[in-house]
Protein chains: 2
Amino acid sequence: MSVTLKDVAALAGVSRSAVSRTFTEGASVSAKTRSKVEKAAQELGYSPNALASSLTTGRTKLIGLISNNFHNPIFLEVFDQFTRALQERGLRPLIVNLTDETEPANSVRMLRQYSVDAAIVASSTLPPSFAKAFHDAGVPVVHTFGRSATSPEVHVVGIDNVECGRMAARELLARGYKRVGYLGGPKNATSAMDRYRGFMEEVENHSDLEVSHSFADNYSFEAGRAEMLRLLKGTPADGYFCGDDILSIGALSSLSDNGLKPGKDIGIIGLNDMEMSRWESVNLTTIHQPIKQIITSSVDLVEEMLKDPTRYPEARIFPCRVIERGTLRPRL
Amino acid sequence: MSVTLKDVAALAGVSRSAVSRTFTEGASVSAKTRSKVEKAAQELGYSPNALASSLTTGRTKLIGLISNNFHNPIFLEVFDQFTRALQERGLRPLIVNLTDETEPANSVRMLRQYSVDAAIVASSTLPPSFAKAFHDAGVPVVHTFGRSATSPEVHVVGIDNVECGRMAARELLARGYKRVGYLGGPKNATSAMDRYRGFMEEVENHSDLEVSHSFADNYSFEAGRAEMLRLLKGTPADGYFCGDDILSIGALSSLSDNGLKPGKDIGIIGLNDMEMSRWESVNLTTIHQPIKQIITSSVDLVEEMLKDPTRYPEARIFPCRVIERGTLRPRL
DNA sequence: ACAAAACTTGCAATCGGTTGCAAGGGTACC
DNA sequence: GGTACCCTTGCAACCGATTGCAAGTTTTGT
């Protein structure tokens, strides 16, 4: 049914090798043969079967893209960037939606069955061991948004979450907040714990502070909202570091339900700087994470791994910065 | 490097056929052989190469998922549902991000190179001819969220956008709005035009109405916001049907910037009923589109196409209903 | 004009599986 | 015990491509 190498060869009156060679870069074909083949291919509407050729070349150009953050709008941006960056380089994203799974075994098996050239684990919640499982199974892997480390076991691209926690704490202190709280993502998320750690490091030396913390069920609007509602039933802090913009936006929503003004009654600083945070109705003060660079860099790294599979694991950590908007009071 | 059929066969002391057969459902293998093979496979960590087998079976279980709506948060929900629904059936989503392209040629070629079993065009903006191009190239295709038709050229699953336009108009009329407007998506989107048509059909017989319409640049927050800002500079209508929730939310944002209260000063009804529309701070009255059923049904249809490729094109149109929240005044 | 060097081309093996076919082995039945 | 039938197994061809090798052709240099 579909047209193959052989058909083109027959029509062009050349061998199959000749056809193959005109379609592979840098192979030795005369101009005459090439044009005969191209004409025949054109006529038949031939395009080479990438999977068949992967059998001999060992390259599929398929890249597994594994994630579990399908309820955080930031992830649409992430998806957009990743799929485009991969496409631009002639790579094809094969998606794995991890929603209810936390074990790598199934994903690893599946991606190996499809002979992906590499895998990208795009998640700030999964532990390094998750990405490591791909590495151990012989699948080159980059963990994007993964836990930063000075000597990582696999390639990691992202930010230093501990430092972001410190940064958020410093920002609250610089604005004179005395009852400060961390409202983090789920306890089993590495990013939630790292941000927590940084936050605590920074505040624990100040004896005049009242410090609290809690964790939402997941990185979602609903979870942030629910957690802040719960806090408001007791005695809330006056300045919060919410571990993520979508949590922040959920928290903001529960503030206004209770007639509280963000930035005035209660301060909130988020993390990510997603598109929505810029909306006038949200106007969230937050820590900017350079998503686009992180993703471009991740895909660069994937390409380099393909060239040199023995490449030594590397951590690429990008700096973040505070974006001042309307949900914290002014600096003192 | 990777372990193959041959290795397992050697270790188990059987032929390659025997190994192949133990891994294919319904093949004839004795219990004894099977267990020998399974033991050997276990020991070597073997799992069959899906791409190699696709060569002979003609099935890859890869499904192309093509879309262009990477700036509308609804699409994260769509993505989540699609990837899960496909996975549950053992199918693998191969993503095509169409962002700047409107011609199917490249996507078609690429998906044929990867021998996808079928393609899903998930877009309410692309014309039927786009999906048709896949069909014509021999790739079974379902157009999800596509233009409904009584005799479609390819499988279509979605809603009747014309009827939704009517429904929105009726809703505005039932609430006594007299200066009604349609604020649609981009003019080149089929859904924007269909909703426009339905809206107009319904209002044109009422001589006491003042009717206006305009189109945003795309389905995004920014576009909706910009368009409403522009409208507010002139004499806006008092009741709008915004062609999509994200447009509505953009429009709402520009209303509150101008000190206008949605539902009181200006009414807005959206379409989609995405998660965000339920947020208390948004509380958008909108037309609910049954995304989940649409997607499940699309994937069902994909499976049935795989079973019977000659299956006659079918349109599966799902009913929508108005969800009353806070952005329209009460019914008279 | 001739030899050497460089380039083209087709053959055939190979990638990792699947499958039709025929042979072999076992069981059931009379 | 002999025949008929069914199940299991391996052989070998094939899926659609790539590639090392050797033979054939062209180009280059003198």
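By convention in this document, chain letters (A, B, ...) are assigned in the order of the sequence lines, proteins followed by strands, and residues within each chain are numbered from 1. Heavy atoms only: backbone and side chains are in, while hydrogens, waters and symmetry mates are out.
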How many Å lie between [atom1] on [X] and [atom2] on [N], as a whole number?
X       : N      : atom1 : atom2 : result
B:Lys6  : D:dA12 : NZ    : C1'   : 14 Å
B:Lys61 : C:dT18 : NZ    : P     : 12 Å
A:Leu51 : D:dA17 : CG    : C1'   : 11 Å
B:Leu55 : C:dG16 : CG    : C1'   : 9 Å
A:Arg59 : C:dC15 : CZ    : P     : 18 Å

Spell out, as yes or no, whether a donor-acceptor pair under 3.5 Å connects the side chain of [X] to the backbone of [Y].
X        : Y        : value
A:Ser67  : A:Ala122 : yes
B:Glu314 : B:Val156 : no
A:Gln81  : A:Thr296 : no
A:His143 : A:Ser123 : yes

Phosphate-side-chain proximity, B:Tyr114 and D:dG16, N/O vs OP1/OP2 below 4.0 Å: no
Presence of B:Thr56 side-chain N/O under 4.0 Å of D:dC15 phosphate oxygens OP1/OP2: no
Touch class at under 4.0 angstrom, heavy-atom based, for A:Ser17 against every strand present: base
Between B:Asn106 and B:Glu101: side-chain donor-acceptor atoms closer than 3.5 Å: yes
Candidates C:dG17, D:dT18, C:dG16 - which lies nearest the side chain of B:Leu5: C:dG17
Pair A:Phe75 + B:Phe79: ring centers closer than 6.0 Å: no
Residue-level proximity of residues 18-39 of chain B to DNA chain C when a heavy atom falls under 4.0 Å: B:Ser20, B:Arg21, B:Thr24
Side-chain donor/acceptor contact of A:Arg16 with base of D:dG16 under 3.5 Å: no
